[in-house]
Amino acid sequence: MMLFGKISQQLCGLKKLPWSCDSRHFWGWLNAVFNKVDHDRIRDVGPDRAASEWLLRCGAMVRYHGQERWQKDYNHLPTGPLDKYKIQAIDATESCIMSIGFDHMEGLQFVEKIKLCKCHYIEDGCLERLSQLENLQKSMLEMEIISCGNITDKGIIALHHFRNLKYLFLSDLPGVKEKEKIVQAFKTSLPSLELKLDLK
């Protein structure tokens, strides 16, 4: 288990092998393996533990409710009662999370903040999937989406389902074209939202 955690982190961080034109397909396949949902595992250890394992395996970090420290080492995930550690924040900067892994988020009830930065596999469908999860619709307070090139206006607009969202930061999203339309949509649906845009 310890060896797997170290290897998975290293592999997720690698982008392309210079000596192989097929390496992109290999890494895409390997990242898909890391994102595969194991419903038996979710049932056995609970949604927060299973989601933590998924996120850390893909190079992301989590912070648990009531703790200041970010958990980033797969091999040092806390042990103890399954209901003790509830994910409060997710930082997926430069991780390889992708849509097929988002079923891990379904049972999470306490996630208040998500940061997606330089996530090459994140696309509109991921944001739409997140915004459809009832628990997240209630719990989400803050979100940052930065340098995710596959995100378009469609994915951003879907975030209006997070009815308690207080802060949304959007930066360096070349696929987002209609800035004014987004501003108006959020003014209507989430009037108390602090929306910060750094878009061209």
Side-chain angles (χ1 to χ4, degrees), residues 35 37 42 45-74 76-78 80-99 101-119 121-148 151 155-173 176 182-183 185-198:
N35 278 273
V37 178
I42 294 172
V45 301
D48 288 272
R49 173 66 189 216
S52 296
E53 292 174 357
W54 163 60
L55 288 161
L56 271 63
R57 192 167 56 234
C58 291
M61 299 187 294
V62 298
R63 194 178 72 232
Y64 297 113
H65 191 72
Q67 295 190 1
E68 296 293 320
R69 187 174 63 86
W70 285 92
Q71 183 68 45
K72 54 188 174 183
D73 188 342
Y74 185 95
H76 291 100
L77 278 168
L82 294 179
D83 59 349
K84 183 178 178 184
Y85 297 97
K86 302 295 185 184
I87 297 175
Q88 184 176 24
I90 297 167
D91 183 345
T93 298
E94 296 186 338
S95 71
C96 63
I97 61 171
M98 58 177 64
S99 59
F102 275 64
D103 283 356
H104 286 102
M105 306 279 277
E106 195 161 334
L108 303 183
Q109 298 181 31
F110 301 97
V111 178
E112 296 177 358
K113 180 176 182 177
I114 296 177
K115 180 178 182 180
L116 302 172
C117 179
K118 298 180 181 177
C119 298
Y121 297 104
I122 293 294
E123 53 198 8
D124 291 339
C126 299
L127 299 186
E128 290 170 331
R129 176 74 176 111
L130 278 180
S131 68
Q132 292 165 358
L133 298 175
E134 288 185 31
N135 289 333
L136 292 185
Q137 287 176 356
K138 295 180 212 168
S139 67
M140 280 293 295
L141 301 177
E142 298 178 35
M143 189 157 197
E144 297 180 20
I145 306 174
I146 305 160
S147 302
C148 295
I151 297 294
I156 299 301
I157 293 293
L159 301 178
H160 80 275
H161 292 292
F162 293 140
R163 55 184 176 268
N164 294 315
L165 198 63
K166 303 296 182 201
Y167 176 79
L168 177 60
F169 177 62
L170 305 174
S171 177
D172 187 26
L173 301 172
V176 175
I182 286 173
V183 170
F186 281 115
K187 272 186 182 174
T188 303
S189 58
L190 297 170
S192 62
L193 175 69
E194 180 185 353
L195 177 61
K196 289 196 171 180
L197 303 178
D198 180 19

Could you tell me whether [X] and [Y] make a salt bridge, using a distance below 4.0 angstrom between a side-chain N and a carboxylate O?
X      : Y      : value
Lys113 : Asp91  : no
Arg49  : Glu53  : yes
Glu106 : Arg129 : yes

So does [Y] get a backbone contact from the side chain of [X], meaning a donor-acceptor N/O pair under 3.5 Å?
X      : Y      : answer
Asn164 : Lys138 : yes
Ser131 : Ala158 : yes
Asn35  : Met98  : yes
Glu144 : Ser171 : no
Gln71  : Asp73  : yes

Query raised in the report: Does the pair Phe102 and Ile122 meet the rule for a side-chain contact (heavy atoms from CB on, under 4.5 Å), with working shown?
Result: CA-CA 10 Å; Phe102 275 64; Ile122 293 294; 3.6 Å; yes
Nearest non-hydrogen partners of [X] and [Y], listed with the distance:
X      : Y      : result
Lys166 : Leu193 : C-CD1, 3.5 Å
Ile97  : Ala92  : CD1-CB, 3.7 Å
Glu142 : Leu165 : N-CD1, 3.7 Å
Ser147 : Leu173 : N-CD2, 3.9 Å
Ser95  : Ala60  : CB-N, 3.7 Å

Determine whether [X] and [Y] make a side-chain contact, defined as any pair of heavy atoms from C-beta on separated by less than 4.5 Å.
X      : Y      : value
Leu168 : Leu190 : no
Tyr85  : Leu77  : no
Asp172 : Asp198 : no

Requested in this report: Carefully, step by step, assess Trp70 and Arg63 under the rule side-chain contact (heavy atoms from CB on, under 4.5 Å).
Outcome: CA-CA 5 Å; Trp70 285 92; Arg63 194 178 72 232; 3.3 Å; yes
Query raised in the report: What orientation do Trp54 and His104 show, parallel under 30°, tilted 30 to 60°, or perpendicular over 60°?
Result: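 Geometry flag for His104 against Trp54: parallel rings.
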**Report entry** Steps toward side-chain contact (heavy atoms from CB on, under 4.5 Å) verdict (Ile87, Asp48)
**Finding:** CA-CA 6 Å; Ile87 297 175; Asp48 288 272; 3.7 Å; yes
Requested in this report: Give the C-alpha distance, both sets of side-chain angles, the deciding distance and a yes or no for side-chain contact (heavy atoms from CB on, under 4.5 Å) between Ile145 and Leu127.
Outcome: CA-CA 10 Å; Ile145 306 174; Leu127 299 186; 3.8 Å; yes
